Amino acid sequence: MTADFTPKSDFLRILSERGYIHQGSDLAGIDAAAQEGRLTTYVGYDCTAASLHVGHLLSIMMLHWLQATGGKPIALMGGGTTRVGDPSGRDETRKILTIDQIDANKAEIRKTFDQFLRFGEGKTDAVMVDNAEWLTKLNYIEMLRDVGRHFSVNRMLSMDSVKLRIDRDQELSFLEFNYMILQSYDFVELNRRYGCILQMGGSDQWGNIVNGIDLGRRMGTPQLYALTCPLLTTASGAKMGKTAAGAVWLNPDMLAPYDYWQFWRNTEDADVARFLKLFTLLPMDEVARLAGLGGAEINDAKKILATEATALMHGREAAEAAAETARKTFVEGTLAADLPTVTVPASVMEAGLGVLTAFGPEHAKLVPSTSEARRQIKGGGLRVNDVQVTDEKAVLRTSDLTADGVIKLSFGKKKHVLLRVG
């Protein structure tokens, strides 16, 4: 938000004070539309996996605040654009998914939005649409004539998503080269169908969004607008949402609510205040109070952050259960039954399960690979039944089961998984 602009609408005021705004095409125009109650806005999400991840949460929260302040959100599923693949921020071509895979991913992703948005037929009720509805019906020649003629290849080559790949001598397929045209056309189509005038997204989408504004001007839409949020990194410079075990998924089938809670609990001290603003609905005065806690009390703020963020995503009951599981595990030192659990076939345990494999992506998923498990063992980071693992060739057997019928695997002090024999 520029220093000389003070928003009058609740929408931009909230986004500004909470730190969501990175760049806007015309903040005064967006502000006026919000005040007048005509701010229909969309964010696009490709269906490349069965879940979105924490990196998507900023734009989802922006849609939430849009609806809370009287705007109409559109969650655009990229059933069409996923078939092409967005080259933004990529060093290589995305894997081509089948239509069935894309549809299955889309169905799972919808569940996430149900937690943050109210869908329905009302003026400010959210809608979810799929750009496959129009992109798959386009005639190629007509598309080139009616839409493609408005794009300069020179300008497209200057876009970061294209230029970086070319500068690194990395292949960029003609299929991917067309992605920005399709995204731009989405904006025009959503304006025609729903009166959508604002597109939001991560700062890496700025070029694509501005292309959509320009295309709308050339194809006769009313004035369109762009608003982006920052691509977050942690205070230590790490990419937000990446852990040693991989992406922090929003789908509870891919990351248990307890592990989700733990992700937020492990927030760096310097990030607590910022994350409370961005990823919870706590009032700003409460955020300020928690941000003022120092010393050991900062851990209380982290627990509140973890519980509030988890409640938004997985519900209050799951959040409080995760907090209680953590309390029992770390304060009382007991083996909480709600710890994430994986089942290993009896035949595997009888034959012996290598400790590297047990901690890896095939079973506990505490580390992303056996090589990382090996590295953690050398650093003293892995434990079995609270005993440090020192031998990378160690094998787990049924004799390692505790009296509770489980084997407790731990990565560091805060990440635990129980192995059960099935």
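Owing to the predicted nature of the structure, the values given are computational and were not obtained by experimental measurement. Quick note: numbers below take in every heavy atom, side chains included, and nothing from hydrogens, waters or symmetry partners.
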Quiz item: Should Asp46 and Tyr179 be marked as a side chain to side chain donor-acceptor pair (under 3.5 Å) after you check the CA-CA gap, both sets of side-chain angles, and the distance that decides it?
Solution: CA-CA 12 Å; Asp46 279 347; Tyr179 188 94; 2.7 Å; yes
Practice problem: Start with the C-alpha distance between Gln376 and Leu366, add both sets of side-chain angles, then the distance that settles side-chain contact (heavy atoms from CB on, under 4.5 Å), and finish with yes or no. | Solution: CA-CA 11 Å; Gln376 290 297 334; Leu366 285 169; over 6 Å; no
Practice problem: Show the numbers, then the answer: is there a side chain to side chain donor-acceptor pair (under 3.5 Å) between Thr41 and Tyr225? | Solution: CA-CA 9 Å; Thr41 302; Tyr225 302 97; over 6 Å; no
Exercise. Please lay out, stage by stage, how Leu312 and Phe279 fare under the test side-chain contact (heavy atoms from CB on, under 4.5 Å).
Key: CA-CA 9 Å; Leu312 265 179; Phe279 301 113; over 6 Å; no
Exercise. Start with the C-alpha distance between Arg118 and Thr124, add both sets of side-chain angles, then the distance that settles side chain to side chain donor-acceptor pair (under 3.5 Å), and finish with yes or no.
Key: CA-CA 9 Å; Arg118 181 187 68 256; Thr124 62; 3.0 Å; yes
Quiz item: Would His22 and Ser203 count as a side chain to side chain donor-acceptor pair (under 3.5 Å) if you check the C-alpha gap in whole Å, the side-chain angles of each, and the deciding distance to 0.1 Å?
Solution: CA-CA 7 Å; His22 176 74; Ser203 58; 4.5 Å; no
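For the pair Tyr20 (side chain) and Leu278 (backbone), a donor-acceptor distance under 3.5 Å is present. No donor-acceptor distance shorter than 3.5 angstrom exists from the side chain of Asp259 to the backbone of Leu255, with no hydrogens or angles considered. Side chain of Asp130 to main chain of Glu133: no donor-acceptor pair is present (N/O by atom type, distance under 3.5 Å, no hydrogens or angles). Between the side chain of Ser51 and the backbone N or O of Leu250, at least one donor-acceptor pair lies under 3.5 Å. Side-chain atoms of Arg18 come within 3.5 Å of backbone N or O of Lys277 as a donor-acceptor pair. The backbone N or O of His53 sits less than 3.5 Å from a side-chain atom of His56, completing a donor-acceptor pair.
Smallest separation of non-hydrogen atoms from Gly78 and Cys47: N-SG, 4.0 Å. What you find for Ile99 and Arg83 is that their closest heavy atoms are CD1-NH1, 3.7 Å. Annotation for Glu108 and Asn251: closest pair OE1-ND2, 3.1 Å, computed over non-hydrogen atoms.
For the residue pair Gln23 and Thr228, no side-chain donor N or O sits within less than 3.5 Å of a side-chain acceptor on the partner. No hydrogens or angles considered: a donor-acceptor pair under 3.5 Å links the side chains of Thr307 and Trp261. For the 3.5 Å distance criterion, the side chains of Asn131 and Thr81 qualify, holding a donor opposite an acceptor. Judged purely by distance below 3.5 Å, without hydrogens or angles, the side chains of Gln199 and Gln205 never pair a donor atom with an acceptor atom.
The closest side-chain heavy-atom distance from His64 to Gln67 is not below 4.5 Å. Contact check for Val348 versus Leu353: side-chain heavy atoms found under the 4.5 Å cut-off. Within the 4.5 Å cutoff, no side-chain heavy atoms of Met200 are placed close to those of Tyr42. Side-chain contact between Ile109 and Met77 is present, with at least one heavy-atom pair separated by less than 4.5 Å. When side chains are defined from C-beta on, Pro252 does not count as touching Tyr258, because their heavy atoms never get closer than 4.5 Å. Counting heavy atoms from C-beta outward, Val188 and Trp134 have side chains that stay 4.5 Å or more apart. Residues Ile209 and Gln183 are in side-chain contact: their nearest non-hydrogen atoms beyond the backbone lie under 4.5 Å apart. Looking at heavy atoms from C-beta onward, Arg374 lies in side-chain contact with Leu356 at the 4.5 angstrom threshold.
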Cut-off 3.5 Å, no hydrogens considered: what does the side-chain donor-acceptor table look like for residues 68-76, sequence neighbours left out?
unit_1, atom_1, unit_2, atom_2, d
Thr69, OG1, Trp65, O, 2.8
Thr69, OG1, Leu66, O, 3.1
Lys72, NZ, Gly122, O, 3.1
Lys72, NZ, Asp125, O, 2.7

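In this structure, Asp31 does not pair ionically with Arg13, as no charged nitrogen and carboxylate oxygen lie closer than 4.0 Å.
Between Phe113 and Tyr45, the ring planes are perpendicular. Angles over 60° get that label, and only those under 30° would be called parallel.
Annotation: salt bridge (Lys or Arg N to Asp or Glu O under 4.0 Å) contacts of Asp114 (sequence neighbours excluded): Arg110.
Applying the salt bridge (charged side-chain N to carboxylate O under 4.0 Å, His left out) test to pairs two or more places apart or on separate chains, those with a residue in residues 310-323 are Glu308-Arg316.
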